[in-house]
Amino acid sequence: MESYQLIHQKNLDQFHKTLSSKIRNGFVIIEHNEKLPYAVLSKEKKEINHPFHFFLTVITFGFWAIIWICLIVSLSRKKDILVALDEDGNLFEEKCLSK
């Protein structure tokens, strides 16, 4: 019985480390529950300086456009994720649907 408690505490520690890591990367906790260990985190979209990237695209004869498009695709969306422990105590992370 005691070993189960140690495994459970170890999983909770991993859960909290993951949450701390996500918060350091710019996520904010929207919803959190300690009884059923889960948290919903959100990261707002970032603004892209389009005039600057256009300037770089012109100077590099269009090569910077590839990077600019990648930035537009990756940074211009709001990201919501769910971090939780399942019934077996395994940590998992899923994307949530954003509005």
Side-chain angles (χ1 to χ4, degrees):
M1 192 66 140
E2 216 170 294
S3 64
Y4 175 75
Q5 190 68 4
L6 288 175
I7 293 171
H8 186 64
Q9 186 61 40
K10 184 178 176 182
N11 292 342
L12 280 175
D13 290 342
Q14 184 63 31
F15 172 71
H16 290 295
K17 284 180 186 177
T18 303
L19 285 182
S20 297
S21 171
K22 296 293 182 186
I23 291 170
R24 279 193 306 272
N25 288 331
F27 282 91
V28 177
I29 295 178
I30 296 176
E31 189 176 338
H32 187 247
N33 188 337
E34 282 293 327
K35 261 186 178 177
L36 307 165
Y38 77 88
V40 178
L41 298 110
S42 178
K43 188 175 190 179
E44 293 296 323
K45 65 181 182 176
K46 291 188 177 181
E47 294 296 322
I48 298 172
N49 187 350
H50 292 290
F52 175 70
H53 289 285
F54 178 73
F55 173 73
L56 288 175
T57 301
V58 170
I59 287 180
T60 61
F61 302 106
F63 289 116
W64 190 260
I66 298 167
I67 297 170
W68 188 11
I69 291 169
C70 291
L71 288 173
I72 290 170
V73 169
S74 65
L75 297 179
S76 61
R77 282 191 234 146
K78 181 180 175 184
K79 297 175 185 159
D80 292 332
I81 59 170
L82 169 72
V83 177
L85 291 175
D86 64 8
E87 297 86 16
D88 298 327
N90 300 318
L91 183 68
F92 70 94
E93 180 180 321
E94 289 183 356
K95 292 181 182 180
C96 296
L97 296 176
S98 298
K99 293 180 183 178

Identified side-chain contact (heavy atoms from CB on, under 4.5 Å) counterpart of Leu91 within the set Asp86, Leu12, Val83
Val83

Would you check if [X] and [Y] make a side-chain contact, meaning some heavy-atom pair closer than 4.5 Å?
| X | Y | answer |
| --- | --- | --- |
| Trp64 | Phe55 | no |
| Trp68 | Leu56 | no |
| His50 | Ile72 | yes |
| Arg77 | Lys45 | no |

Mind listing the closest non-hydrogen atom pair of [X] and [Y] along with its distance?
| X | Y | answer |
| --- | --- | --- |
| Leu75 | Ile48 | CB-CD1, 4.4 Å |
| Ser74 | Lys79 | O-NZ, 3.4 Å |
| Asp80 | Ser42 | OD1-OG, 2.8 Å |

From Leu41 atom CG to Ile30 atom CD1, the distance as rounded to the nearest 0.5 Å:
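Between atom CG of Leu41 and atom CD1 of Ile30 there are 7.5 Å.
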
Would you mind writing out the side-chain donor-acceptor pairs for residues 19-29 within the sub-3.5 Å range, not counting sequence neighbours?
residue, atom, partner, partner atom, Å
Ser20, OG, His16, O, 3.0
Lys22, NZ, Glu93, OE1, 3.3
Lys22, NZ, Glu93, OE2, 3.1
Asn25, ND2, Ser21, O, 3.3

Considering residues at least two apart in sequence or located in another chain, which fulfil the side-chain hydrogen bond (donor to acceptor under 3.5 Å, both in side chains) criterion with Glu94?
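So Glu94 forms no side-chain hydrogen bond (donor to acceptor under 3.5 Å, both in side chains) with any residue.
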
So Phe15 and His32, would you call those rings parallel, tilted or perpendicular, with 30° and 60° as cut-offs?
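Rings of Phe15 and His32: parallel, as their planes differ by under 30°.
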
